[in-house]
Engineer: 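One structure, pasted below without further comment.
Here is the naming used below: chain letters follow the sequence lines, and residue numbers restart at 1 for every chain.
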2 protein chains.
Amino acid sequence: MVTARQIAQLCGVSVATVSRVFNRPATVSAATREHVERVARDLDFSPNEAARALSRQRSTMVGLVWDTDHRRHSWRHPFLQDLLLGLKSALSSRGYHLLMLATSDDSGSRNPGASLADPVAYVSMTRRHHLAGLVLIDSGTDAEAFSAFAHSGLPCVALDVALSGPRATYVTSDNASGAADAVRHLAALGHRRIATITGPHGNVPAAARTDGYLRGLAEAELPFREDLVVTGDFYRESGFAEMRRLLARADPPTAVFAASDEMAVGALLAARAAGCRVPDDVAVVGFDDIEVASLVDPALTTVAQDKRGFGTAAAGALLSMLDSDEVPEPVRLPTKLVVRDSCGSQR
Amino acid sequence: MVTARQIAQLCGVSVATVSRVFNRPATVSAATREHVERVARDLDFSPNEAARALSRQRSTMVGLVWDTDHRRHSWRHPFLQDLLLGLKSALSSRGYHLLMLATSDDSGSRNPGASLADPVAYVSMTRRHHLAGLVLIDSGTDAEAFSAFAHSGLPCVALDVALSGPRATYVTSDNASGAADAVRHLAALGHRRIATITGPHGNVPAAARTDGYLRGLAEAELPFREDLVVTGDFYRESGFAEMRRLLARADPPTAVFAASDEMAVGALLAARAAGCRVPDDVAVVGFDDIEVASLVDPALTTVAQDKRGFGTAAAGALLSMLDSDEVPEPVRLPTKLVVRDSCGSQR
DNA sequence: CTGAAAGCGCTTACAG
DNA sequence: CTGAAAGCGCTTACAG
């Protein structure tokens, strides 16, 4: 590998000058700068990252904290691929790379009480690698553990969980508006008994979607009925179970807003199992717009999140913290109601 | 951050000894080893990775080459999340981390002729970070570009593409057997005119699945008919288009083996659009067992790949190359036929 | 605008 | 078994 020293010798300058050409080009005379740049390009030189990180005490890597060994064994992010895509392309435009952090705990056994694989190990990992910043993906119950990161002073941006700290912010969808849109849409179709299957307690997006449900109801001038709010956990099985219970009631709802597509799919299956037609007997609307939404039968009407935008926004917030000391405001991504067949408005 | 020097001073030994305790514990006397270990643990010391990488000329990171800015804008891996999960947990058990490589090209514009974002840039990235090895995810057309990596001498393991080089190997599913299983299953159900919608030309798994189709036919003593083999590209649209054409024929097939679930879903939609009932009028079997397979209507019979096993096997192959000079044989993961409704055997 | 020098925190022959 | 020393390849005050 060609080193700065070699470039320096070839150009008849010191390594310090070569370094300056790459780090503070303005402080180098145009002539020598161009000379160094040309030679460096010809020899395909680029500074060794390990050496650079060592001397600057900061690498060009951003850590990704993604807890994969969660108690909920089947935990899956609804749109990890898009997220990574967005993160990667936004980060790479500024020369940063994503390091998927893993602790030895990830490999297997763990004491089942812990919510995130040893946050201390992650924080130490972070220092060892001189990471420039951290992106935190919430798996639903890591919120508390995340504060260890937020308080480490490192630039942090969390996804879908409110994070605060000296250099921490977060990005989330405008969950309340999205949910309100869904409910208003159902109300406009004539539904008066609109139930909701919420996400788990303590989850930020879940709470916001429930708020949005209430707001949508109020905006449509529909009364709030406590018994129409049932609690799920974002996963399909809970959607199935809660829907079954709702349909077994004496006065079942005529429409259901599920706070995730997974639950909405579960609800669809429960309706089918109960011999209940969707949307004729009961309308269903979901949230997320994951791939299956358009494939289930009937195709699911849902509130789409800007999946790739999540990654882009997270990267943007992180990058801005890397250049300045200002902490960006939390980002709230707009959502979009995607009308398909399960709500009945297409008939 | 606590450094080896501090530990050394506290223990009254040299930094060299501290280093040895962590790297060649056998060369240190039991007494001093234990002393150093205890102090290090108490102070939560762990060696700085940048310094270590610099002096050893090798980091504890494994690069992930995942081309996200492909010409095929909508390129998606069918099970990236499971793959990453498997990779991460297997790698972390040995202290390695995954670095998602990105070149500046990833951010946007690229000359449309290139099949992988500047492989040269990736290779240089690899050296700059002193990566220990590389995992290559094929997006279907990167095979050629991958050889640049394979010949760099760095330990490489590719997924779903045959890679050879001084220290390169690959992992793939046993695509031929899986396809043969699917075809034999259809034949056992009485089908005699079994068509296949293949993957794209030049793609390794696609070719193997076509081979398996032929083998299955032969094993069921069914004649091969060239006109029953049509070419898709693994994506839904091609499945839709090819299925439509197949069904429009004078003597349409009674069963179709699609070389991917995405295409099988497309085929299902085409059948529905053509007023053709599945499985009554035509049976469909897919390949992959992605999440939607169980959700489409009718639920898709398919050949399941060991998604997480891909990651685990890739990590295993890489790790073994990291400790020894032997190059592991290519890994061929077993597949499993998952019988649901679209093949008609459940009736 | 540029160079010499110190320093980032490890690892590893080389002596002893 | 252990230490002193050189070296990994950069960056950055400090002089000039």
Side-chain angles (χ1 to χ4, degrees), chain A residues 1-37 39-40 43-61 95 97 124-132 322, chain B residues 1-37 39-40 43-61 95 97 124-132 322:
Chain A
M1 219 177 90
V2 25
T3 67
R5 170 180 308 282
Q6 295 173 40
I7 303 294
Q9 281 168 344
L10 251 37
C11 293
V13 298
S14 70
V15 285
T17 297
V18 173
S19 174
R20 283 190 200 100
V21 168
F22 289 94
N23 298 302
R24 299 140 178 254
T27 68
V28 180
S29 78
T32 64
R33 170 158 32 91
E34 279 154 25
H35 185 194
V36 169
E37 279 171 346
V39 173
L43 272 66
D44 193 29
F45 164 76
S46 57
N48 178 307
E49 293 291 342
R52 173 180 267 205
L54 182 59
S55 94
R56 287 180 136 175
Q57 306 270 59
R58 191 219 245 212
S59 76
T60 57
M61 300 186 294
H97 302 268
S124 120
M125 207 98 264
T126 292
R127 301 214 182 293
R128 285 170 60 176
H129 285 279
H130 289 305
L131 298 184
L322 294 181
Chain B
M1 220 178 89
V2 26
T3 68
R5 170 181 308 283
Q6 295 173 39
I7 303 293
Q9 282 169 344
L10 251 36
C11 294
V13 297
S14 70
V15 285
T17 297
V18 174
S19 174
R20 284 190 199 100
V21 167
F22 288 94
N23 297 303
R24 301 141 177 254
T27 68
V28 180
S29 78
T32 64
R33 169 157 34 89
E34 279 155 25
H35 185 193
V36 169
E37 280 170 346
V39 173
L43 272 66
D44 193 29
F45 165 75
S46 57
N48 178 308
E49 294 291 341
R52 172 180 270 205
L54 182 59
S55 94
R56 287 180 136 174
Q57 308 270 59
R58 190 220 245 210
S59 76
T60 56
M61 300 186 295
H97 302 267
S124 120
M125 206 98 265
T126 292
R127 301 214 181 293
R128 285 170 60 177
H129 286 279
H130 289 305
L131 297 184
L322 295 181

Engineer: Quick check against the 3.5 Å criterion: does T126(A) have a side-chain atom that pairs as donor or acceptor with the backbone of L131(A)?
Structural biologist: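 No; judged by distance alone, with no hydrogens or angles, the pair does not exist.
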Engineer: When we call it a touch if two heavy atoms are under 4.0 Å apart, what does T27(B) touch: a base, just sugar-phosphate, or nothing?
Structural biologist: base
Engineer: When you compare the side chains of E49(B) and T60(B), does any donor N or O come within less than 3.5 Å of an acceptor on the partner?
Structural biologist: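 Judged by distance alone, the side chains do pair up.
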Engineer: Under a 3.5 Å cutoff, is there a donor and acceptor pairing between the side chains of N48(B) and H129(A)?
Structural biologist: no
Engineer: Both atom distances under 3.5 Å, Watson-Crick or G-U wobble: I'd like the secondary structure of DNA chain D as a dot-bracket string, with | for pairs made across strands.
Structural biologist: |||.||||||||.|||
Engineer: Just wondering, more than 12 heavy atoms not from R127(B) lying within 6.0 Å of its CZ?
Structural biologist: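 Check fails, neighbour count at 12 or below.
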Engineer: Sort out for me which residue in V18(B), V21(B), I7(B) forms a side chain to side chain contact (heavy atoms under 4.5 Å, CB included) with E37(B).
Structural biologist: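 That would be V21(B).
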Engineer: Which atoms form the tightest heavy-atom contact between T3(B) and F45(B), and what is the distance?
Structural biologist: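 Looking at all heavy atoms of both residues, the closest pair is C-CE1, 3.6 Å.
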Engineer: Please check if atom CZ in R128(A) has more than 12 non-hydrogen atoms from other residues, nucleotides or ligands closer than 6.0 Å.
Structural biologist: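 Result for CZ/R128(A): enclosed.
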Engineer: Minimum heavy-atom separation for A132(B) to S59(B), with atom names?
Structural biologist: CB-O, 3.6 Å
Engineer: Between T32(A) and dC1(C), does any side-chain N or O lie under 4.0 Å from OP1 or OP2?
Structural biologist: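 For dC1(C), neither OP1 nor OP2 has a side-chain N or O of T32(A) closer than 4.0 Å.
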Engineer: Classify every nucleotide of nucleotides 7-14 of chain C by which part a protein heavy atom approaches to under 4.0 Å, writing B for the base, S for the sugar-phosphate alone and - for neither, in 5'-to-3' order.
Structural biologist: BBBBBBB-
